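Encoded as structure tokens, the structure appears first; notes follow it.
Because only heavy atoms are used, hydrogens play no part in the values below, and waters and symmetry mates are left out as well, while side chains stay in. Fair warning: this is a prediction, and the values are worked out from it, not measured in the lab.
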Amino acid sequence: MRKRNILNPALIIALITLFPSKVFADSSWIWISEKRPFDILPWVAIGTILIEWLSIWLIPKTGHCLRVLGIVMIANAASFILPYVFLKSELSWYGTFDHILDSGPNYIVSGVFLLLTIIIEMPIVYNVLKSNVQSKRMLQITIIVSNIITTAGVAVIERLITEGHW
């Protein structure tokens with residue numbers, strides 16, 4: 001008998017939940033709050049870096065406090081900047097970067113952002129720090145879990161502070 005492959009349905013469900021399916025034709029997004037997601041980016045980035053740095057430094061015991069901080073900062077900079085580079089390059093025909101950010105519900109954090117964060121940060125942090133830990137598996141788990149926690153936290157903060165409607 002053949003084993004059923006559960007990965008395919010799980011992958012389909014994950015993709016459906018990661019990508020929004022609503023369409024708001026002929027409607028305009030209006031930000032209600034004074035703050036936009038981009039306005040709070042520096043503050044949530046600092047919080048994210050601190051949480052991930054402490055997690056990766058203390059849980060798998062990587063040692064080298066400042067080295068871990070530097071690597072986490074580089075990895076986070078790459079994962080925070082890439083979505084904006086993509087947004088700007090793909091939508092540059094739409095107007096200025098500020099116009100793009102103000103014209104729709106361009107929340108920074110979503111399921112896709114989490115996926116990008118893990119894809120970008122995992123190789124950077126893991127490859128630099130894997131020689132400093134006893135358990136490489138614990139390092140991998142810590143990187144993934146700390147990114148899930150910080151991404152979820154930023155998503156909640158972002159949606160609480162910045163509001164808008166169609």
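- Note on I124 and L116: same hydrophobic cluster, where clusters join Ile, Leu, Val, Met, Phe, Trp and Tyr whose side-chain heavy atoms are under 4.5 Å apart, directly or indirectly.
- I144 and I59 fall into different hydrophobic clusters, where Ile, Leu, Val, Met, Phe, Trp and Tyr side chains are chained together by heavy-atom contacts under 4.5 Å.
- When hydrophobic clusters are built by joining Ile, Leu, Val, Met, Phe, Trp and Tyr residues whose side-chain heavy atoms come closer than 4.5 Å, directly or via intermediates, V145 is not grouped with L58.
- Of all the heavy atoms in S79 and E121, the pair that sits closest is OG-OE2, 2.6 Å.
- To the nearest 0.5 Å, atoms OG (S131) and CG (L139) are separated by 10.0 Å.
- In this structure the side chain of E52 reaches within 4.5 angstrom of the side chain of N76, judged on heavy atoms.
- One finds the CE atom of M73 at 9.0 Å from the CD1 atom of I46 (value rounded to the nearest 0.5 Å).
- The minimum heavy-atom distance linking S55 with T142 is given by the pair O-CG2, 3.4 Å.
- Atom CD1 of residue I51 and atom CG of residue N147 lie 11.0 Å apart, to the nearest 0.5 angstrom.
- Summarising the geometry, atom CD1 belonging to I118 is positioned 12.0 Å from atom CD belonging to Q140; distances are rounded to the nearest 0.5 Å.
- Atom CD1 of I120 sits about 9.5 Å away from atom CG of L115, to the nearest 0.5 Å.
- Nearest heavy-atom pair, I143 versus S146, reported as atom, atom and distance to 0.1 Å: O-OG, 3.2 Å.
- No single ILVMFWY cluster, assembled from side-chain heavy atoms under 4.5 Å apart, contains both I74 and V68.
- Remark: side-chain polar atoms of T151 are not paired, donor with acceptor, to backbone N or O of I148 under 3.5 angstrom.
- The backbone N or O of C65 sits less than 3.5 Å from a side-chain atom of W53, completing a donor-acceptor pair.
- Here CG of L69 is found 9.0 Å from CG of L54. Values are rounded to the nearest 0.5 Å.
- A heavy-atom distance below 4.5 Å is not found between the side chains of E158 and V44.
- At least one donor-acceptor pair closer than 3.5 Å links the side chain of T62 to the backbone N or O of I56.
- A continuous path of hydrophobic side-chain contacts links M122 to W57 [ILVMFWY only; heavy atoms under 4.5 Å].
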### Message
Checking V128 against R67 for the side chain to side chain contact (heavy atoms under 4.5 Å, CB included) test, could you report, in this order, the C-alpha distance in whole Å, the side-chain angles of both residues, the deciding distance, and whether it holds?
### Response
CA-CA 10 Å; V128 173; R67 181 176 184 212; 3.5 Å; yes

